[in-house]
Amino acid sequence: MSLNRRAFLAAAGGAALVLSGCGVPIPGIPGAPGPSPGGPTPRTPEATPTPTATGTPTASPTPTASPTPAPSLVGDTRNAWAFVPLDAPGEIVVEGEVPSQRAWSTSKLLVVAAFLAEALDGDPDRASATQRRQMIRSFTESDMESVIALGNAIPGGKQAGMSKVLRSIGDSETSVPGRLEGTMIWSVRQQVAFLVALSAGRVVSPGASRFMLEEMRPIESQSWGLGSVGATAYKGGWLRANTETRQMGILNGHAVAIITSGVGPAEVQSDGDSAHVRQMNRLAEQLHERLRQPR
């Protein structure tokens with residue numbers, strides 16, 4: 001064998017060894033690996049993991065606080081109130097009941113109105129200085145001597161004069177007694193109707209109505225109840241610890257009246273009688289809250 005042939009065979013054998021490591025067949029060279037039956041086994045591609053959809057976390061809803069129910073006297077048998085918007089007098093609301101609704105000193109409003117109508121022809125400017133002072137003290141101090149003097153000065157008597165005032169504004173329900181007018185039954189419904197008429201200038205005359213509203217400002221010692229929540233005009237009535245205490249007035253654009261039948265302790269007032277101040281403050285605060293609610 002020539003040197004050239006030996007070199008060729010040696011080179012061919014080395015190449016076969018190198019290429020067989022890759023599994024590639026070499027034709028014409030003995031011992032070179034051939035293709036495996038059926039060809040090479042294809043590589044199965046690895047499955048790409050499918051991402052799990054997690055989504056955007058849903059925030060838990062913030063609990064909504066339940067609205068505080070509006071104060072109400074429905075079903076109450078010891079307290080009552082009535083109220084009506086001055087700009088919608090047909091929307092009167094009456095809640096609660098009491099055994100009796102005696103007027104007590106709220107009747108002084110009717111005595112003064114009757115005096116203005118019958119003695120002064122509806123014009124407060126015609127009153128003497130003494131008469132004017134008596135009317136004002138009847139409102140601000142609930143002064144009994146003043147209201148007695150005015151009642152005695154009503155031509156035709158105070159019963160007829162007070163009844164005439166009530167009938168003139170459409171109240172055919174309230175009956176004025178011949179004496180002790182404070183004992184008459186004047187319902188909270190009829191009291192707010194009176195206040196609506198007063199605000200509209202229909203009690204006696206526009207001038208008389210205006211005068212009354214301007215002077216319905218109790219002194220500080222009697223400024224509890226409606227006065228404690230900002231009423232612009234109001235008058236109260238009371239007597240003893242076991243009787244009614246009540247008020248009527250103008251509050252937050254409404255004609256209002258509240259009454260309690262002997263609930264809570266009673267406090268002696270400047271006139272010597274007793275009023276349920278604590279309970280009236282409570283009722284006034286509840287009513288004030290009620291009137292702040294949407295209609």
Working note: Lys164 + Glu118, criterion salt bridge (Lys or Arg N to Asp or Glu O under 4.0 Å); need CA distance, chi angles, decisive distance, verdict. CA-CA 10 Å; Lys164 185 177 178 180; Glu118 304 301 324; 3.5 Å; yes
Inspect the surroundings of [atom1] in [X] and state if more than 12 heavy atoms from other residues, nucleotides or ligands are less than 6.0 Å away.
| X | atom1 | answer |
| --- | --- | --- |
| Arg217 | CZ | yes |
| Arg179 | CZ | no |
| Gln286 | CD | yes |

Taking all atoms of both residues into account, what is the closest heavy-atom pair of [X] and [Y], and its distance?
| X | Y | answer |
| --- | --- | --- |
| Ser107 | Gly182 | OG-CA, 3.7 Å |
| Arg132 | Ala127 | N-CB, 4.1 Å |
| Trp81 | Ser72 | CZ2-CA, 4.1 Å |
| Gly236 | Gln247 | CA-CG, 3.8 Å |
| Met248 | Leu226 | C-CD1, 3.9 Å |
| Gly225 | Ser228 | O-OG, 2.6 Å |

Okay, side chain of [X], backbone of [Y]: is any donor-acceptor separation there less than 3.5 Å?
| X | Y | value |
| --- | --- | --- |
| Arg167 | Asp171 | yes |
| Arg290 | Pro71 | yes |
| Asp121 | Asp123 | no |
| Gln222 | Glu141 | yes |
| Glu91 | Ala88 | no |
| His276 | Ala241 | yes |

Can you tell whether the side chains of Arg292 and Glu289 come within less than 4.0 Å, N to carboxylate O? yes
Any Lys/Arg nitrogen of Glu267 or Arg278 sitting under 4.0 Å from an Asp/Glu carboxylate oxygen of the other? no
Taking atom types as modelled, find out whether Thr245 and Thr260 have a side-chain donor-acceptor pair closer than 3.5 angstrom. no
Would you tell me whether Gln191 and Thr106 have side-chain atoms, one donor and one acceptor, within less than 3.5 Å of each other? yes
The test is side-chain hydrogen bond (donor to acceptor under 3.5 Å, both in side chains); show your working for Ser142 and Lys235 and say whether it passes. CA-CA 8 Å; Ser142 206; Lys235 180 72 185 79; 3.0 Å; yes
Answer yes if Phe115 and Ile148 sit in the same cluster of Ile, Leu, Val, Met, Phe, Trp and Tyr residues linked by side chain heavy atoms under 4.5 Å apart, and no otherwise. yes
Hey, are the side chains of Asp271 and Met144 touching, using non-hydrogen atoms and a 4.5 Å cut-off? no
Quick one: are Leu73 and Leu283 in side-chain contact, heavy atoms under 4.5 Å? yes
Pairing residues for Ala82 by the side chain to side chain contact (heavy atoms under 4.5 Å, CB included) criterion, not counting sequence neighbours: Val94, Val188, Val192
Check side chain to side chain contact (heavy atoms under 4.5 Å, CB included) between Leu239 and all other residues, then give those that pass, not counting sequence neighbours. Trp104, Thr243, Asp273
Identify all side-chain donor-acceptor contacts of residues 209-216 below 3.5 Å with residues at least two apart in sequence or on another chain.
| unit_1 | atom_1 | unit_2 | atom_2 | d |
| --- | --- | --- | --- | --- |
| Ser209 | OG | Val203 | N | 3.1 |
| Ser209 | OG | Val203 | O | 2.8 |
| Ser209 | OG | Ser205 | O | 3.1 |

